[in-house]
Amino acid sequence: MNYHFSAYLYRLQYIQRWSLMRSTAPENVAEHSFHVALLTHMLCSIGNVHYGRSLNAERAATMALFHDASEVFTGDIATPVKYNNPRLLTSFREMERVAAERLTGMIPPELQVIYTQLMQPEDSPPDSEDVLLHSYVKAADRLDAYLKCVWEVAAGNREFAAAKEQTAAKLRGLGLQEVDYFLTHMAPSFEMSLDELSAGN
């Protein structure tokens, strides 16, 4: 029997993000998932080193790799549409859940529990470590959106200017020390050209 799970995940590269925005550089869901995994690992590591936490950065990064896997069926739904009203959001959440169930149904049965937990950590028991780690994945997801806006504005694309400010405000509203640390010490580099980055070494 053939299991199509991995083949579908490879097709995330064909799902484009920011469909309502004019971008200087297109971005797909596979790229985004990689970026979110990098950021999640960094946020958890910052938390462990600077704020005395005991976060499983490797587990969190793995969760991040799968956090948008269901979009291979649903596509990426633009934020202004998805969050337009609570009824729409509830419908989209249910659609994502059904898509995730379809996707995990394409995994060999003996492996399904592993990937179901990675893709749907909100179903974990309230005291599960995955629930805490999922909050870092969500923060990294938002942080990646902010960095996309930073890059676009730095390239002279005013299309992302308002989104940049709105996303920055949402990040500050998280009250997460790790995010504040990243914004202070790492995010400014995303506004630099390659020559400016190289000159800083």
Side-chain angles (χ1 to χ4, degrees), residues 17-21 23 27 29 31-57 59-61 63-68 70-71 74 76-94 96-97 119-124 126-155 157-192:
R17 288 170 50 80
W18 305 97
S19 58
L20 293 179
M21 307 282 278
S23 301
E27 180 186 53
V29 175
E31 293 171 320
H32 168 67
S33 298
F34 170 67
H35 294 156
V36 174
L38 292 179
L39 293 170
T40 299
H41 194 279
M42 179 61 73
L43 291 179
C44 289
S45 297
I46 291 169
N48 291 339
V49 171
H50 290 283
Y51 302 110
R53 308 199 202 284
S54 298
L55 301 166
N56 187 337
R59 172 74 175 175
M63 290 167 60
L65 284 174
F66 293 92
H67 83 285
D68 276 344
S70 64
E71 290 186 4
T74 67
D76 178 65
I77 302 164
T79 297
V81 176
K82 191 173 187 178
Y83 294 94
N84 184 57
N85 69 55
R87 289 176 59 197
L88 274 177
L89 182 58
T90 299
S91 297
F92 286 136
R93 291 296 188 216
E94 178 59 21
E96 290 169 348
R97 181 178 296 278
M119 292 172 58
Q120 298 184 352
E122 64 272 15
D123 291 339
S124 303
D127 59 348
S128 168
E129 181 189 31
D130 281 356
V131 174
L132 174 60
L133 296 179
H134 185 55
S135 68
Y136 281 82
V137 174
K138 290 173 65 176
D141 189 26
R142 185 162 290 169
L143 181 57
D144 184 57
Y146 171 73
L147 295 175
K148 167 66 172 176
C149 295
V150 167
W151 242 342
E152 290 286 342
V153 172
N157 185 5
R158 295 288 301 165
E159 179 85 359
F160 282 77
K164 176 184 174 183
E165 298 307 316
Q166 292 165 3
T167 309
K170 290 177 181 177
L171 284 171
R172 289 192 293 269
L174 293 176
L176 201 61
Q177 291 173 299
E178 294 87 341
V179 170
D180 294 338
Y181 181 100
F182 189 99
L183 291 174
T184 300
H185 299 287
M186 297 179 176
S189 298
F190 285 77
E191 301 186 57
M192 297 180 181

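Below, all heavy atoms of this structure are taken into account, side chains as well, without hydrogens, waters or symmetry copies.
Minimum heavy-atom separation, A64 to T40: CB-OG1, 3.6 Å. Closest approach of D76 and V29 over heavy atoms only: CB-CG2, 4.5 Å. Taking every heavy atom of both residues into account, V36 and D144 meet most closely at CG2-CB, 4.0 Å. Here the closest non-hydrogen pair linking F182 and L39 is CZ-CD2, 3.5 Å. The shortest heavy-atom contact between S33 and L65 is CB-O, 3.7 Å. Counting all heavy atoms, side chain and backbone alike, A163 lies closest to M21 at CB-CE, 4.2 Å.
In this structure, CD in E94 is found 9.5 Å from OG1 in T90, a value given to the nearest 0.5 Å. Within the model, atoms CG of N157 and OG of S23 stand 7.0 Å from one another, a figure rounded to the nearest 0.5 Å. Note: K138 NZ to L176 CG = 12.0 Å, rounded to the nearest 0.5 Å. Rounding to the nearest 0.5 Å places CE of M119 at 10.5 Å from CD of E96. Rounded to the nearest 0.5 angstrom, S91 OG and R93 CZ are separated by 11.5 Å. For the atom pair CG of L174 and CG of L143, the computed distance is 9.5 Å after rounding to the nearest 0.5 Å.
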*Begin from the C-alpha positions of L147 and W151 and carry the test side chain to side chain contact (heavy atoms under 4.5 Å, CB included) through to its verdict.*
CA-CA 6 Å; L147 295 175; W151 242 342; 5.9 Å; no
*Start with the C-alpha distance between H35 and K148, add both sets of side-chain angles, then the distance that settles side chain to side chain contact (heavy atoms under 4.5 Å, CB included), and finish with yes or no.*
CA-CA 10 Å; H35 294 156; K148 167 66 172 176; over 6 Å; no
_Intermediate values then yes/no, side chain to side chain contact (heavy atoms under 4.5 Å, CB included), T74 and F92_ = CA-CA 9 Å; T74 67; F92 286 136; over 6 Å; no
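Between the side chain of H134 and the main chain of V131, no donor-acceptor pair closer than 3.5 Å is present.
Side chains of E152 and E159 form no contact here, defined as non-hydrogen atoms less than 4.5 Å apart. Taking the side chain as every heavy atom from C-beta outward, F190 and C149 never approach each other to under 4.5 Å.
Scanning for salt bridge (Lys or Arg N to Asp or Glu O under 4.0 Å) contacts around D141 gives an empty result, with sequence neighbours left out. Applying the salt bridge (Lys or Arg N to Asp or Glu O under 4.0 Å) criterion to E71, with sequence neighbours excluded, gives no partner residue. Among residues two or more places apart in sequence or in another chain, the salt bridge (Lys or Arg N to Asp or Glu O under 4.0 Å) test is passed with R53 by E178. R59 pairs by the salt bridge (Lys or Arg N to Asp or Glu O under 4.0 Å) definition with D130, not counting sequence neighbours.
Under the salt bridge (charged side-chain N to carboxylate O under 4.0 Å, His left out) criterion, no residue pair touches residues 180-190, with sequence neighbours excluded. The list of side chain to side chain donor-acceptor pair (under 3.5 Å) pairs with a residue in residues 165-175, not counting sequence neighbours, is empty.
Taking a 6.0 Å sphere around OH of Y51, one finds it holds more than 12 heavy atoms contributed by other residues, nucleotides or ligands.
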